[in-house]
There are 2 protein chains.
Amino acid sequence: MRESKRSSGATAPPRRRRDGPRTVELGLLNQRLGYFVRRLQVWIFQDFISRLAAIDISPAQFSVLAVIHANEGLSQSELAATLGIERARLVRLLHRLEQRALLRRLPSCADGRRHALRLTREGERVLARAKALSDRHEDELVRRLGPERYRMLLETLREF
Amino acid sequence: MRESKRSSGATAPPRRRRDGPRTVELGLLNQRLGYFVRRLQVWIFQDFISRLAAIDISPAQFSVLAVIHANEGLSQSELAATLGIERARLVRLLHRLEQRALLRRLPSCADGRRHALRLTREGERVLARAKALSDRHEDELVRRLGPERYRMLLETLREF
DNA sequence: TATTGTTATACTCTATAACTATA
DNA sequence: TATAGTTATAGAGTATAACAATA
């Protein structure tokens with residue numbers, strides 16, 4: 001790693017040493033993929049949230065609607081496991097979407113413990129609108145990254 | 001987008017329709033880079049946290065130590081701006097690290113309002129240990145992604 | 001016994017606003 | 001007046017544990 005020289009701590013910082021450097025160095029972080037993944041993720045969330053603010057749909061809510069749409073009748077446990085959300089957290093998340101009449105928790109015919117999740121008509125409409133808005137978010141990512149790098153990123157991360 | 005057919009909602013799901021599908025589809029999320037960026041970020045944090053649990057250093061604390069190490073004497077505002085952390089949150093973060101004697105908030109000679117941040121000897125030692133442990137985390141990422149894709153990801157995200 | 005949905009708790013993170021002391 | 005550090009607050013996310021109903 002080419003960071004080894006600086007990480008010894010003895011070599012001189014890049015700018016003026018007096019008090020507070022104006023150009024702040026990332027140091028070790030330059031060799032940490034996680035740092036840059038987090039920065040990208042923060043940017044993506046901010047852009048996504050602002051674009052979907054008009055319909056008041058968060059990234060988590062979007063993912064919930066999308067997965068229910070693609071798997072009508074699935075249970076809360078299955079949904080939670082798919083999205084990596086705690087069952088306990090999902091309860092409140094679904095409760096709010098149900099209050100907004102975007103989905104319903106129907107009794108499962110086969111298993112009395114389960115709920116079968118379904119989007120309402122309004123839920124489908126909101127999801128369609130959310131898709132349109134988030135398509136523009138995706139377009140912005142393509143524009144910033146370039147189409148080839150965007151594709152490459154999407155495929156690489158999808159496999160991970 | 002090859003998701004357009006399914007997103008119409010009319011075509012049949014991939015598995016049994018009866019009650020709860022075992023194979024849960026991601027639907028729209030397959031075309032959302034942010035979804036996969038978040039999943040990678042969650043995996044990275046979990047791996048990082050478990051590897052550095054022995055020295056009780058979180059990702060945020062690691063980034064703070066690394067940037068102070070690389071920019072001795074910088075102020076809290078500069079640090080906050082660099083890492084995208086709120087000044088208000090940084091206060092508590094630094095307080096704990098100072099309690100653990102990993103860093104000190106020295107009075108800035110030039111500006112009475114500022115603190116000049118410095119790692120202590122112990123702080124440098126802990127950072128060195130954190131670097132060693134997180135190097136293994138990074139190795140694991142290289143192993144999972146393959147060296148070429150790791151390099152490509154790091155360079156792409158660094159530029160973003 | 002084990003699982004599903006639920007409630008409750010605690011801790012972290014994020015986003016604000018407001019205060020103080022310095023400039 | 002503006003900025004640096006601080007305090008306080010509220011909302012969301014994460015991680016648990018425990019409980020009732022059901023399997």
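Owing to the predicted nature of the structure, the values given are computational and were not obtained by experimental measurement.
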Phosphate-side-chain proximity, [X] and [N], N/O vs OP1/OP2 below 4.0 Å:
{"X": "A:Arg89", "N": "C:dA8", "value": "no"}
{"X": "A:Arg114", "N": "C:dT6", "value": "no"}
{"X": "B:Gln76", "N": "D:dT3", "value": "no"}

Requested in this report: For A:Arg92 and for A:Val42, locate the closest nucleotide of DNA chain C by heavy-atom distance; then report the residue assigned to the nucleotide nearer the 5' terminus.
Outcome: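 Result: A:Arg92.
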Query raised in the report: How do B:Leu93 and A:Val91 order along DNA chain C: which one's closest nucleotide is nearer the 5' end?
Result: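 On the 5' side of the pair lies A:Val91.
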Query raised in the report: Side-chain donor or acceptor of B:Arg113 under 3.5 Å from a matching atom on the base of D:dT3?
Result: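 Looking at the base of D:dT3, it does pair with a donor or acceptor on the side chain of B:Arg113 (distance under 3.5 Å).
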For the pair made of [atom1] in [X] and [atom2] in [N], what is the distance, rounded to whole Å?
{"X": "B:His95", "N": "D:dA8", "atom1": "NE2", "atom2": "P", "answer": "12 Å"}
{"X": "B:Glu78", "N": "D:dG5", "atom1": "CD", "atom2": "P", "answer": "8 Å"}
{"X": "B:Ile85", "N": "C:dT16", "atom1": "CD1", "atom2": "P", "answer": "16 Å"}
{"X": "A:Arg96", "N": "D:dG13", "atom1": "CZ", "atom2": "P", "answer": "8 Å"}
{"X": "B:Ile49", "N": "C:dC13", "atom1": "CD1", "atom2": "P", "answer": "9 Å"}

Query raised in the report: What are the two closest non-hydrogen atoms of B:Leu97 and B:Gln61, and how far apart are they?
Result: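 Shortest heavy-atom separation between B:Leu97 and B:Gln61 comes out as CD2-NE2, 4.0 Å.
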Query raised in the report: Taking the six-membered ring where the residue is Trp, are the ring centres of A:Tyr35 and B:Phe62 under 6.0 Å apart?
Result: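 That pair fails the under 6.0 Å test.
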Among [options], the nucleotide that comes nearest once only the side chain of [X] is considered:
{"X": "B:His115", "options": "D:dG5, C:dA15, D:dG13", "result": "D:dG5"}
{"X": "A:Ser77", "options": "C:dT4, C:dT7, D:dT6", "result": "C:dT4"}
{"X": "B:Arg38", "options": "D:dT14, D:dA15, C:dA17", "result": "D:dT14"}
{"X": "A:Asp111", "options": "D:dT7, D:dT22, D:dT16", "result": "D:dT22"}
{"X": "B:Glu86", "options": "D:dA23, C:dT16, D:dA12", "result": "C:dT16"}
{"X": "B:Arg87", "options": "D:dT22, C:dT6, D:dT6", "result": "D:dT6"}
{"X": "A:Arg105", "options": "C:dA15, D:dG13, C:dT6", "result": "C:dT6"}

Considering only NZ, NE, NH1 and NH2 on the basic side and carboxylate oxygens on the acidic side, decide whether [X] and [Y] come within less than 4.0 Å.
{"X": "A:Glu140", "Y": "A:Arg143", "result": "yes"}
{"X": "B:Glu98", "Y": "B:Arg104", "result": "no"}
{"X": "B:Arg32", "Y": "A:Asp135", "result": "yes"}

Report task. Could you pick out which residue, A:Gly112 or B:Gln46, lies toward the 5' side of DNA chain D when each is mapped onto its nearest nucleotide? Result ->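 Here B:Gln46 is the residue nearer the 5' end.
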